Amino acid sequence: MTLHSSLSKQLPSDLDVQRLPKHVAVIMDGNGRWAKQRGLPRILGHRRGVDTLKSLLRCCKDWGVQALTAYAFSTENWGRPHDEVEFLMTLFERVLRRELKEMVDEGVQIHFVGDLEALPLTLQTEIQRAMAATQENQTIKFIVATNYGGRREIIQACRDIATQVLHQNITLDDIDESLFERHLYTAGILDPDLLIRTSGEMRVSNFLLWQMAYAELYVTETLWPDFDQHEFHQALRNFQTRTRRFGKVS
Ligand code: IPE
Ligand code: IPE
Ligand code: MG
């Protein structure tokens with residue numbers, strides 16, 4: 001049996017389509033450990049991680065999840081060895097170039113969130129090309145957080161809003177949660193319902209700090225390159241056992 005024929009395009013029957021998360025976010029962690037366990041260089045873990053992400057995106061699309069956000073590179077990840085950072089930037093660019101046609105054909109609308117201006121220019125070009133080519137697509141939103149930091153995002157929103165006040169475009173009374181959200185990188189995108197982190201770390205590592213206010217958290221020991229459709233199914237089953245109270249009583 002090939003890998004593909006063993007994957008299900010149908011939502012598993014034990015999942016309730018009415019109670020699927022609309023938006024799933026993933027902290028794709030553990031690529032380095034996956035490689036190390038096999039005596040391989042860390043970069044091979046990143047390369048394998050791309051395949052995992054591609055499969056997850058397809059699965060989300062097939063099962064009816066409306067948006068997937070993936071944490072690809074944090075504002076703190078620049079502190080890694082130069083060779084690893086350079087490999088990742090080149091990998092993002094190569095993957096974008098390679099996968100764009102398929103994303104266009106499959107109805108994926110791709111967004112990038114983060115401080116994109118600090119990325120290599122050639123990568124910025126691919127990012128702009130991919131966003132422009134897929135902006136009319138409707139099947140699924142795929143949001144890639146690249147050079148993303150939740151704190152940086154919030155500071156940037158504060159600066160934007162302060163500038164608006166200074167220019168007297170808005171008054172202090174206009175500042176509320178809905179206005180603030182419109183100044184985040186994620187403006188117009190629903191908050192995630194489910195955050196999955198692989199490789200066992202129980203932290204958010206500066207990811208979507210504002211947007212995560214009421215996300216359900218799911219942490220698995222599985223390393224990102226091993227996070228397959230079966231693992232995602234488990235995460236969704238677990239999500240469907242949760243009672244989301246949003247501060248009220250159920
Ligand atoms: C996540 O895997 C990928 C990125 C942060 C780019 P890691 O590279 O953090 O893998 P570990 O945590 O070292 O195993
Ligand atoms: C979070 O993973 C960032 C990404 C997955 C891109 P890290 O491996 O950078 O997080 P820490 O250092 O364990 O908190
Ligand atoms: Mg890590």
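All values below were derived from every heavy atom in this structure, side-chain atoms included, with hydrogens, water molecules and symmetry-related copies excluded. In this text the structure is predicted, and so the values were computed from the model without any measurement. Just follow the structure's listing: the first ligand is 1, and inside any ligand the first atom is 1.
Heavy-atom contacts of Ala72 reach the following atoms of ligand 1: 6 (C) (cutoff under 4.0 Å). The Asn77 neighbourhood of ligand 1 comprises atoms 5 (C), with distances under 4.0 Å to a heavy atom of that residue. For ligand 2, the atoms closer than 4.0 angstrom to any heavy atom of Phe73 are 6 (C).
Judged by distance alone, the side chain of Gln124 and the main-chain N or O of Leu119 form a donor-acceptor pair under 3.5 Å. Although no hydrogens or angles enter the test, the distance criterion places a donor-acceptor pair under 3.5 Å between the side chain of Asn77 and the main chain of Ser74. Gln109 places a side-chain N or O within 3.5 Å of a backbone atom of Gln135 that can act as its donor or acceptor partner.
Not a single N/O/S atom of Glu201, whether from backbone or side chain, sits less than 2.8 Å from the Mg ion (ligand 3).
Counting protein heavy atoms only, atom 12 (O) of ligand 2 is closest to Arg203 NH2, 4.5 Å. Protein heavy atom at the shortest distance from atom 4 (C) of ligand 1 is Arg80 NH1, 4.0 Å. The nearest heavy-atom contact from the protein to atom 1 (C) of ligand 1 is Met28 O, 2.9 Å.
In this structure, Glu201 has no heavy atom closer than 4.0 Å to ligand 1. The shortest heavy-atom distance from Ser199 to ligand 1 is not under 4.0 Å.
Contact annotation for atom 9 (O) of ligand 2: protein present (non-hydrogen atoms, distance under 4.0 Å).
When only interatomic distances are considered, the shortest N/O to N/O separation between Gly32 and ligand 1 falls below 3.5 Å. Residue contacts with ligand 1: Trp34 is placed with no nitrogen or oxygen under 3.5 Å of a nitrogen or oxygen of the ligand (distance criterion only).
Taking the six-membered ring for Trp and thresholds of 30 and 60 degrees, Trp224 and Phe227 have nearly parallel ring planes, at less than 30 degrees apart. The aromatic rings of Tyr71 and Phe207 lie parallel to each other, with less than 30° between the two planes, well short of the 60° mark. Between Tyr214 and Phe246, the two ring planes are tilted [angle within 30° to 60°].
In this structure, of Arg42, Gln37, Glu76, the residue bringing a heavy atom nearest to atom 13 (O) of ligand 1 is Arg42.
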